[in-house]
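Okay, so here's the structure we're looking at.
Computed from a prediction, not measured in an experiment: that's the story for all the values here. We use all heavy atoms of the structure for the numbers below, so side chains are in, but hydrogens, waters and symmetry mates are not.
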Amino acid sequence: MRFWQLGIRALKETYRDPMALGFLLGFPLMFMLLFGFAFSGEGSASYQIGVIDEDQTPVSIAFADEALPDVPAYEISYINTPDEALTKLKKSDIRAYIIIPAGFGEEVNKLWAGENGNIYLDVTYDESDIQAAGEILSQLNAVCRAFAKIEIPLSINAQPVNIENKITNIDFISPGIIVFGLLILIPTSARIMVRDKEKGFMSRMLTTPSRPVDFILGYSLSMTFICIIQIIFFMLLGYLFGMDITGNIALAFLIFFLTGLSSIGIGMVIAGFSKSENQSESISWFFSMPLAMVSGTWFSIQFMPDILKGLGYAFPYSHAIEASRLVILRGADFSAVSSEIGILAVWTVAIFALGTIIFGRTMRS
């Protein structure tokens with residue numbers, strides 16, 4: 001039972017360091033608070049759009065005065081000339097401007113009469129914001145087709161998904177922030193282990209009947225307890241900010257728990273290679289922050305290049321985020337996330353085995 005006493009000691013050492021403990025909980029808490037306040041509301045993107053009507057027909061006026069203002073993301077302002085519109089665009093007073101050319105009404109009337117017609121709209125936009133530009137153009141295309149009653153020449157086989165509750169931004173980002181908090185266990189566990197090695201505590205204890213496995217089990221026990229506290233804390237915080245847990249909360253906890261164990265194992269490996277506490281901190285953060293980005297903790301991994309996406313999937317965190325989102329947002333059961341849980345379990349066992357071997361060898365050296 002020596003590992004039990006060593007685990008209690010490691011846990012006490014952690015809680016006697018208020019700055020480290022505050023960082024362990026406070027750093028992810030800062031992100032949770034920031035994203036929570038930013039996205040817990042019902043706000044949506046809106047864009048200032050300038051409109052220049054060069055056609056001045058009843059049809060073009062109806063399009064400018066009725067159809068365009070009905071787009072929720074558009075805030076329409078009417079401008080007289082293209083030069084004036086370009087000046088406003090350069091000053092960021094508007095995000096884009098639409099020119100309704102002469103002949104617009106005539107072409108729309110042809111389409112309404114069932115004849116062939118071609119609609120042209122000139123759109124100038126600020127290309128510095130790619131996402132906003134894409135949304136502006138997509139919505140303009142949709143409203144124009146609806147106004148002109150154009151059938152899209154594409155058959156779409158829609159498969160609706162029954163979602164019990166509306167998914168908000170805080171619902172989407174909370175699982176990623178929780179995983180990010182568990183990822184911080186990497187530098188924390190590495191620092192605790194290396195600190196004792198650097199102070200000579202391990203060398204002194206190895207002169208007693210204590211074995212390397214007792215140290216490893218002791219450190220793992222203390223960090224596992226901290227991991228459980230973290231999961232409960234962040235899930236509760238996410239719930240307070242409006243995160244709706246549609247699925248099984250125990251299944252979500254299991255996913256986060258395996259993620260935390262993987263972080264502890266990675267920290268153990270880093271501790272085995274580190275010769276000082278400062279070195280372990282540097283290596284841990286150099287490894288952890290890029291890993292957090294490629295794993296999709298703050299944004300969807302699907303927007304990344306294939307090479308970064310593959311790198312993200314090579315580690316457990318992207319799998320944990322996807323699985324936890326399926327459970328929390330979609331109410332997925334175990335069978336739907338069994339492959340992700342399997343990957344997490346394999347990662348946990350493998351990294352703990354590797355950490356035990358590496359750290360055990362450094363203790364004897």
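Follow the hydrophobic side-chain contacts under 4.5 Å out from I177 and you never reach Y239; the two are in separate clusters. Cluster annotation: L137 is connected to I119 through the hydrophobic network of ILVMFWY side chains, with a link wherever side-chain heavy atoms come within less than 4.5 Å. Follow the hydrophobic side-chain contacts under 4.5 Å out from M223 and you reach W285 in the same cluster. Taking hydrophobic clusters as Ile, Leu, Val, Met, Phe, Trp and Tyr residues chained together by side-chain heavy-atom distances below 4.5 Å, I228 shares a cluster with M235. Under the 4.5 Å side-chain heavy-atom criterion for grouping Ile, Leu, Val, Met, Phe, Trp and Tyr, F63 is not connected to I61 through any hydrophobic cluster.
Atoms CG and OH, from L183 and Y317 in turn, are 4.5 Å apart once rounded to the nearest 0.5 Å. Atom OG of residue S77 and atom CG of residue D93 lie 9.0 Å apart, to the nearest 0.5 angstrom. Atom CD1 of I255 and atom OG of S324 lie 6.0 Å apart (nearest 0.5 Å). Here C144 contributes atom SG and Q139 contributes atom CD; the two are 13.5 Å apart, rounded to the nearest 0.5 Å. Atom CZ of F180 and atom OG1 of T259 lie 14.5 Å apart (nearest 0.5 Å). Annotation: the span from E66 atom CD to I76 atom CD1 amounts to 13.0 Å, rounded to 0.5 Å.
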Next on the checklist: Please evaluate residues I178 and I231 with respect to the criterion side chain to side chain contact (heavy atoms under 4.5 Å, CB included), reporting the C-alpha separation (whole Å), side-chain torsions for both, the decisive distance (0.1 Å), and the verdict.
Outcome noted: CA-CA 7 Å; I178 293 173; I231 296 171; 5.5 Å; no

Checklist entry - Checking side chain to side chain contact (heavy atoms under 4.5 Å, CB included) for the pair I98/I49: CA distance, chi angles, key distance, verdict? => result CA-CA 7 Å; I98 302 166; I49 307 295; 3.8 Å; yes

Checklist entry - What's the verdict on side chain to side chain contact (heavy atoms under 4.5 Å, CB included) for I341 and L251, showing C-alpha distance, side-chain angles and the deciding distance? => result CA-CA 10 Å; I341 290 178; L251 183 57; 3.6 Å; yes

Next on the checklist: Could you walk me through whether M293 and M289 satisfy the side chain to side chain contact (heavy atoms under 4.5 Å, CB included) test, starting with their C-alpha distance in whole Å, then the side-chain angles of each, then the deciding distance to 0.1 Å, before giving a yes or no?
Outcome noted: CA-CA 7 Å; M293 295 188 66; M289 293 307 293; 5.9 Å; no

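Annotation: side chain of D83 is not in contact with side chain of T87 (no heavy-atom distance under 4.5 Å). Contact of the I136 side chain with the R95 side chain is registered, since non-hydrogen atoms from C-beta on lie closer than 4.5 Å. Residues I100 and L121 have side chains in contact (heavy-atom distance under 4.5 Å, counting atoms from C-beta outward). Taking 4.5 Å as the limit, every side-chain heavy atom of V327 sits out of range of all side-chain heavy atoms of F334.
In the model, S335 has a side-chain atom that pairs as donor or acceptor with a side-chain atom of D333 under 3.5 Å. Neither side chain, S295 nor Y313, offers a donor N or O lying under 3.5 Å from an acceptor on the other. A side-chain N or O of Y78 and one of D65 form a donor-acceptor pair less than 3.5 Å apart.
Remark: side-chain polar atoms of S263 are paired, donor with acceptor, to backbone N or O of L182 under 3.5 angstrom. Panel note: side chain S60, backbone D55; no donor-acceptor pair is recorded below 3.5 Å. Put simply, the side chain of N109 gets close to the backbone of G105: a donor and an acceptor are under 3.5 Å apart. Y74 places a side-chain N or O within donor-acceptor distance of the main-chain N or O of L140, the cut-off being under 3.5 Å. Checking side-chain atoms of T124 against main-chain N and O of Y97 turns up no donor-acceptor pair under 3.5 Å.
Listed by first and then second residue, the salt bridge (charged side-chain N to carboxylate O under 4.0 Å, His left out) pairs involving residues 107-117 are E107-K110 (not counting sequence neighbours).
No option in I94, V51, D53 other than I94 meets the side chain to side chain contact (heavy atoms under 4.5 Å, CB included) test with I79.
Nearest heavy atoms, I52 versus A85: CD1-CB, 3.7 Å. Nearest heavy-atom pair across P82 and E54 is CG-OE2, 4.0 Å. Between E340 and H319, the shortest heavy-atom contact is CG-O, 3.7 Å. The nearest pair of heavy atoms linking Q230 to G181 is NE2-O, 3.1 Å. Taking both residues in full, the closest heavy atoms of P187 and I184 are given as CD-O, 3.0 Å, listed atom of the first, atom of the second, then distance. In terms of heavy atoms, I264 sits closest to C227 at CD1-CB, 4.5 Å.
F104 has its ring centre no less than 6.0 Å from the ring centre of Y120.
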In a table with atom names and distances, give each donor-acceptor pair under 3.5 Å that connects a side chain of residues 344-352 to protein atoms at least two apart or in another chain.
| from | atom 1 | to | atom 2 | distance (Å) |
| --- | --- | --- | --- | --- |
| W347 | NE1 | A314 | O | 3.3 |
| T348 | OG1 | L258 | O | 3.2 |
| T348 | OG1 | S262 | OG | 3.1 |
| T348 | OG1 | L344 | O | 2.8 |

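For I249, the CD1 atom sits in a loose shell: 12 or fewer heavy atoms of surrounding residues, nucleotides or ligands are nearer than 6.0 Å.
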